[in-house]
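Here the structure is a predicted model, which is why all the values come from computation and not from measurement. Below, chain A is the first sequence line, B the second, and so on; all start at residue 1.
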Number of protein chains: 2
Amino acid sequence: MDERQVLEHYLKERGLKMTKARLLILEAFLGMESHVTAERLYEAVHKLDDGIGQATVFRNIRLFTDAGLAREACRDDGPRQYEHAWRHAHHDHLSCIQCGAVIEFVDGAIETAQQAVYKKYGYVPSGHRMELFGLCPDCAARHNSPQT
Amino acid sequence: MDERQVLEHYLKERGLKMTKARLLILEAFLGMESHVTAERLYEAVHKLDDGIGQATVFRNIRLFTDAGLAREACRDDGPRQYEHAWRHAHHDHLSCIQCGAVIEFVDGAIETAQQAVYKKYGYVPSGHRMELFGLCPDCAARHNSPQT
DNA sequence: ATTGATATTGATAATGATTATCAATATACT
DNA sequence: AGTATATTGATAATCATTATCAATATCAAT
């Protein structure tokens, strides 16, 4: 089942309709790297069809999120960011506070420890969000041996 | 060194000034529980002195953050939330997606595992943010045995 | 294919949170 | 006290997002 089929299934299930705009936005989204803002997605869509409005992009990326095709990425501030969610496993983020580089990782020990926390407090897990901040190797090197 | 002294030191260090409003906002902030929005802080301040404007509260809670007295709490959406940071150790959050209850916790295993991730990618740690989502015991019980 | 009920769209206004602007005032050195 | 300047309150501006609404597109049933 590919993304388009997932969407069609989701739409049919609740009496919603497939449209040209909707499909175009989906394809644009799938063609972009992860961590896309609605604004950047709009720009990409606009290049393919300049008749599509901004509100429609906002509406649909949100719909994709409900349909399980997109997921809101952790953001410190600024506009909401979306990443691909269909057949893209859960992962956490490691971001450089200097240059903004982002590494996606999955760590078994962390996942295990999180389950233990859930159990300790009697919570039923439904998801989590984690972002580590730091200096990437390049920025750290530049930081320790400045040109001065 | 109490919070007020920390602030005074921070201000002097950079040629800033202590003011009546600033001190009042600090005291109001310290008197409130953690996870305060600027709006709620403004309401509290307004009760003590209705001459203090909203912008001033926004400006100062931000200043407190820079001074190390406050810290932005993880928020999923909505207005920014602040928590006490002076002599309040780092912790992570476990939130109920149903009722919004928040548990603050520190887990050694998670902290250790995070250090390992930093090392693996050669990053220099500077901080992190983690929020676990789930159903709290009460909500989970209600969920599993509905009144129906 | 035509119809009809209704979901969707684009344009734009509205919202909510936060920041910028600016003249008047308060503060802290001397 | 005098003076330079940081701060303030009021308000306008901004940014991301959502709501409104009349016109249009979609889809299931004919």
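- The nearest whole Å value for the distance from the CG atom in B/L63 to the C1' atom in D/dT7 is 11 Å.
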N/O donor to acceptor pairs below 3.5 angstrom from side-chain atoms of residues 97-110 of chain A, sequence neighbours left out:
residue, atom, partner, partner atom, Å
A/E104, OE2, A/H91, NE2, 3.4
A/D107, OD2, A/A109, N, 3.2
A/D107, OD2, A/I110, N, 3.0

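- With rounding to whole Å, A/I52 atom CD1 is found 13 Å from D/dA25 atom P.
- Nearest-nucleotide positions on DNA chain D place B/G15 closer to the 5' end than the other of B/T56 and B/G15.
- A/L11 has its CG atom 18 Å from the P atom of C/dT6, to the nearest Å.
- Looking at residues two or more places apart in sequence or on another chain, you find a salt bridge (Lys or Arg N to Asp or Glu O under 4.0 Å) between B/R4 and B/E8.
- Residues meeting the salt bridge (Lys or Arg N to Asp or Glu O under 4.0 Å) test with A/E33, sequence neighbours left out: A/R40.
- At whole-Å resolution of the value, CZ in A/R40 and C1' in D/dA16 are 15 Å apart.
- With rounding to whole Å, A/E43 atom CD is found 14 Å from D/dA16 atom C1'.
- In this structure, a donor-acceptor pair under 3.5 Å is absent between the side chains of A/T65 and A/E72.
- Checked by atom type, the side-chain pair B/H128/A/H93 shows no donor-acceptor distance below 3.5 Å.
- Straight-line distance from the CG atom of A/L24 to the P atom of D/dT26: 13 Å, rounded to whole Å.
- Every residue meeting the salt bridge (Lys or Arg N to Asp or Glu O under 4.0 Å) condition with B/D77, not counting sequence neighbours, appears here in chain and number order: A/R75, A/R80.
- B/E13 has its CD atom 17 Å from the C1' atom of D/dA6, to the nearest Å.
- For the pair B/L41 CG and C/dA17 P, the interatomic distance rounds to 15 Å; values are reported in whole Å.
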Could you give the side-chain donor-acceptor pairs of residues 43-54 of chain A under 3.5 Å, partners two or more places apart or in another chain?
residue, atom, partner, partner atom, Å
A/D49, OD1, A/G51, N, 2.8
A/Q54, NE2, A/E39, OE1, 2.7

Taking protein heavy atoms under 4.0 Å as touching, what does nucleotides 18-30 of chain C look like 5' to 3' if B marks base contact, S marks sugar-phosphate-only contact and - marks none?
BBBB-----BS--
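- For the pair A/N60 and C/dT8, the criterion of a side-chain N or O lying under 4.0 Å from OP1 or OP2 is not met.
- Remark: C/dG16 base-pairs with D/dC15; criterion is Watson-Crick or G-U wobble with both hydrogen-bond distances under 3.5 Å.
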